[in-house]
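Labels below follow one simple rule: chain letters A, B, ... track the order of the sequence lines, proteins then strands, and each chain is numbered from 1. What's counted below: heavy atoms across the whole structure, side chains too, no hydrogens, waters or symmetry copies.
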2 protein chains.
Amino acid sequence: MARNIFKYSDCPMHRSMAILGSKWKPIVIYALRERTARFGQIHAIIGSISKKVLTTTLKELEEDGILNRTEYKELPPRVEYNLTDKGRTLIPIIIQLAKWDNEHYEEKREKLEITP
Amino acid sequence: MARNIFKYSDCPMHRSMAILGSKWKPIVIYALRERTARFGQIHAIIGSISKKVLTTTLKELEEDGILNRTEYKELPPRVEYNLTDKGRTLIPIIIQLAKWDNEHYEEKREKLEITP
DNA sequence: TAAAGTGGTAACCAACAAGTAACCAACATG
DNA sequence: CATGTTGGTTACTTGTTGGTTACCACTTTA
């Protein structure tokens, strides 16, 4: 969502969408809702995200104060991610959004155009 | 957010982001929260959106059952937009998101890199 | 000696979102 | 006859996102 442009917009919706409005961010936040996890664990939990995209997603969420990144200088290296207070306050909103969708979602898969 | 791909995803967050996660959609929904408005009025309320982008935004929100489009066969033509029930249930969530942002937003404009 | 695990980077690419500017039909008005 | 109003459309350009694949350093294990 052109994150760097909207991050300091006058509009709070543009700002919150700059934080939340990308493919994987809500998923990553939700995955960390009640646990700390390592890079590889988040990657395994989510499954279909690529390492590169997970890296930039985590980096941006850290920049925006949503999560903490803790590096342990061991071998092999260990890096842990967990939500900040600010990040935790986002959880009920994410859950509400998912609930809203579930309540209003009708599977209209027949509308999907699959070109043979 | 690659709307057509995620619209029928298994993940409710991907689905709701397919509806809400673009630059102008939450703004348009919010603009219609307690009134019906014509194309030109929405354009005037929001101000900085282009006609082309407003057209596709409105069309997609109608497709997703968030708003109604009513065409009056007059001259000059009149077209009115208003939220559906489904769209109206989104309002408290949008307000919560904006509130969340306002509560956690610190203006760190000095971090913006403005290349001279 | 070779492989495996960890948390990433770098180079490259396709698809999509959003923006600009010009243009349109159909009349009403001056 | 020219201009304005309304709700758009068309063609074109740019910027961003997400994806793939290969690769890295370092150390332990087989």
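B:Leu54 and B:Ile45 are not part of a single hydrophobic cluster, where members link through side-chain heavy atoms under 4.5 Å apart. Clustering ILVMFWY residues whenever any of their side-chain heavy atoms sit less than 4.5 angstrom apart, transitively, puts A:Leu20 in the very cluster that holds A:Ile95.
With respect to the salt-bridge test (charged N to carboxylate O, under 4.0 angstrom), the residues A:Arg35 and A:Glu80 do not qualify. Under 4.0 Å is where a charged nitrogen must lie from a carboxylate oxygen, and between A:Asp64 and A:Arg3 at least one such pair does.
Within the nucleic acid shown, B:Ser22 comes within 4.0 Å of sugar-phosphate atoms alone, with no base atom in reach, counting heavy atoms only.
Annotation: cation-pi pair A:Arg15/B:Tyr105 present, NZ/CZ under 6.0 Å from the ring centroid and within 45° of its normal.
With hydrogens and angles ignored, the 3.5 Å screen pairs no side-chain donor or acceptor of A:Lys7 with any backbone N or O of A:Ser16. Not one N or O on the side chain of B:Glu63 forms a donor-acceptor pair closer than 3.5 Å with the backbone of B:Glu60. No side-chain donor-acceptor contact under 3.5 Å links A:Thr57 to the backbone of A:Trp24. For the pair A:Thr84 (side chain) and A:Gly65 (backbone), a donor-acceptor distance under 3.5 Å is present.
Residues of residues 25-32 of chain B that place a heavy atom closer than 4.0 Å to DNA chain D do not occur.
The line from CG of B:Leu32 to OH of B:Tyr81 is 10.0 Å long, rounded to the nearest 0.5 Å.
A straight line from CD of A:Glu74 to P of C:dG5 spans 18 Å, rounded to a whole angstrom. Taking atom CG of residue A:Leu54 and atom C1' of nucleotide C:dT6, one finds them 13 Å apart after rounding to whole Å. What separates CE of B:Met17 from P of C:dA17 is a distance of 15 Å, to the nearest Å. Rounding to whole angstrom units, CZ of residue B:Arg3 and C1' of C:dA15 are separated by 16 Å.
For B:Ser50 and A:Pro76, each mapped to the nucleotide of DNA chain C holding its nearest heavy atom, the one lying further toward the 5' end belongs to A:Pro76.
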Quiz item: Can you give one letter per nucleotide of nucleotides 7-13 of chain C, 5' to 3': B if a protein heavy atom sits under 4.0 Å from the base, S if only from the sugar-phosphate, - if neither?
Solution: BBB-B--
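Interface limits on DNA chain D: the 5'-most and 3'-most nucleotides within less than 4.0 Å of chain B heavy atoms are D:dT5 to D:dA11.
No option in B:Arg69, B:Arg78, B:Lys51 other than B:Lys51 meets the side-chain contact (heavy atoms from CB on, under 4.5 Å) test with B:Phe39.
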